[in-house]
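Working notes for the structure below.
The figures here come from the full heavy-atom set of this structure, side chains too, leaving out hydrogens, waters and symmetry mates.
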Amino acid sequence: MADLADQALPVTLADVEAAHRTLDGVIARTPIEQSRALGRLTGSAVSFKCENLQRAGSFKVRGAYNRMAKLSEAERARGVVAASAGNHAQGVAVAAARLGISARIYMPLGVALPKLAATRGHGAEVILHGHNVDEALAEAKRYADSTGAVFVHPFDNVDVVAGQGTLGLEILEQVPDVDTILMGVGGGGLLAGVAVAVKAKARELGREIRIIGVQAENAAAYPPSLAADALVPLTKVSTIADGIAVGRPGQLPFSIIRELVDDVVTVSEDSLARALIFLLERSKMVVEPAGAVGVAALLDGKLTENGADPGNTVVVLSGGNIDPMLMLKVIQRGLAAAGRFLVVRMLLDDRPGSLATISRIIAESDANVTGVDHTRVGGSISMGDVAITINMETKGDEHCEQVLSNLRAEGFQPVVIQG
């Protein structure tokens with residue numbers, strides 16, 4: 001990327017430093033936690049910037065408060081409106097309550113109940129509208145146009161980007177010898193703000209600090225947009241990382257990211273699930289999928305694919321607002337991706353002893369059965385047959401293959417459903 005002075009960009013270091021002063025005493029200074037486990041796996045020092053412990057559970061309150069604190073008395077009297085499936089909604093609600101401003105938040109009909117309850121709990125009026133964030137966003141803009149309420153964009157705004165950039169200043173204060181900073185990117189507000197702050201500070205210090213963005217591969221609008229040097233909207237977005245499920249980059253963040261950010265990489269859904277399991281087990285951190293993409297990228301070796309040394313790395317855990325039902329599904333998927341959970345389906349003769357034989361084979365293979373579904377009816381089940389679906393705890397990919405091999409050796413034909 002080009003090395004431009006930050007004065008040529010729509011957001012400057014001075015803007016971020018002013019936001020830092022505005023947010024003093026309002027937000028939490030979230031901790032830095034070293035991850036020895038991830039450091040051993042990657043061969044470099046790795047730390048987490050734990051923004052999942054921020055007020056309202058994510059970094060979003062930084063930009064929302066900085067934007068709303070600059071409103072005039074007349075604008076505050078008209079109130080604010082926003083649209084979000086979760087984190088931005090809660091950030092706006094917390095900021096509005098702190099500033100004494102009324103807030104109306106549009107959320108899609110299928111929004112996770114914990115996020116809905118949390119947003120209302122912070123005092124915002126919540127209106128459920130549309131089947132996705134884009135439809136909720138359009139309705140929020142219509143409301144703003146018709147009432148004069150101030151629309152608070154989640155990422156495409158100078159003050160929002162500057163507010164998010166304060167996270168970069170904190171990282172430099174807490175880890176002054178950082179070489180690489182890694183974080184998720186959706187619309188781009190966080191990545192752009194951090195890049196402005198960190199790159200400008202690095203120039204002052206006469207050193208290089210790499211800034212890397214990470215997207216879920218099924219919601220990755222930045223790589224094609226950067227390649228084309230123009231906004232390239234996606235036709236479809238589908239990812240468990242709902243916090244970064246944005247189909248079109250923000251124009252303002254994009255103009256910064258294309259100049260300052262070193263790279264944007266992508267990770268798979270399975271990698272995301274594995275990263276969440278890793279954070280739960282090894283770091284005792286509850287993080288939402290969008291907040292775990294940086295960990296997924298490190299586990300996948302994305303930073304060292306071209307032989308680069310990431311050096312002292314800080315990964316931003318950008319949010320911790322995960323729906324417990326989604327967590328249940330993600331944990332199961334993550335365990336399966338790691339070879340620790342196996343689901344197989346088999347057709348067998350409907351006669352006494354068949355299930356006992358299968359149970360014996362699994363027990364002798366040192367796997368643990370956690371669930372069994374037994375049915376005699378279905379389109380693919382012949383008369384005299386029965387379909388068995390078995391859920392098992394396993395110990396890794398090699399163990400899964402051993403269990404399957406042992407079943408096949410006894411004449412069964414297991415079909416892997418998950419694992």
* Salt bridge or not for E17 and K201, using N-O below 4.0 Å? -> yes
* Structure fact -> Closest non-hydrogen atoms of A82 and H88, given as atom of the first, atom of the second and distance, are CB-NE2, 3.9 Å
* Asked: If you measure from the Lys or Arg side-chain nitrogens to the Asp or Glu carboxylate oxygens, is any gap between D309 and R210 under 4.0 Å?
  -> no
* Considering non-hydrogen atoms only, spot the tightest contact between G291 and S318 and give its length. => CA-OG, 3.4 Å
* Asked: Is the shortest side-chain N to carboxylate O distance from E173 to R29 below 4.0 Å?
  -> yes
* Asked: Out of curiosity, K395 NZ to N368 CG, how far, rounded to the nearest 0.5 Å?
  -> 9.5 Å
* Heavy atoms from other residues, nucleotides or ligands near CZ of R36 exceed 12 (cutoff 6.0 Å) -> no
* Structure fact -> Correct closest heavy-atom pair for G294 and L182 would be O-CD2, 3.2 Å
* **Considering all heavy atoms, the nearest V16-A197 contact** => CG1-CB, 3.9 Å
* To do: Start with the C-alpha gap between N66 and H20, add the side-chain angles, then the distance that decides, and say whether side chain to side chain contact (heavy atoms under 4.5 Å, CB included) holds.
  => CA-CA 9 Å; N66 191 53; H20 197 43; over 6 Å; no
* **E364 vs N406 side-chain heavy atoms within contact, under 4.5 Å** => no
* To do: Inspect the contact between R345 and D373 and indicate whether a charged nitrogen and a carboxylate oxygen are less than 4.0 angstrom apart.
  => no
* Under a 4.0 Å N-O cut-off, is there an ion pair linking K70 with E75? -> no
* To do: Kindly give the heavy-atom pair with the smallest separation between T180 and P310, and that separation in Å.
  => OG1-O, 2.7 Å
* Under-4.0 Å salt bridge between D323 and K329 -> no
* Between E170 and R62, is the closest basic N to carboxylate O distance under 4.0 Å? -> yes
* Could E281 and R340 be called an ion pair, given the rule that one side-chain N must be under 4.0 Å from one carboxylate O? -> yes
* So does R104 have more than 12 non-hydrogen atoms from other groups sitting under 6.0 Å from CZ? -> yes
* **Pair D263 + K302: basic N to acidic O under 4.0 Å** => no
* Asked: Do other residues, nucleotides or ligands put more than 12 heavy atoms under 6.0 Å from the CD atom of E398?
  -> no
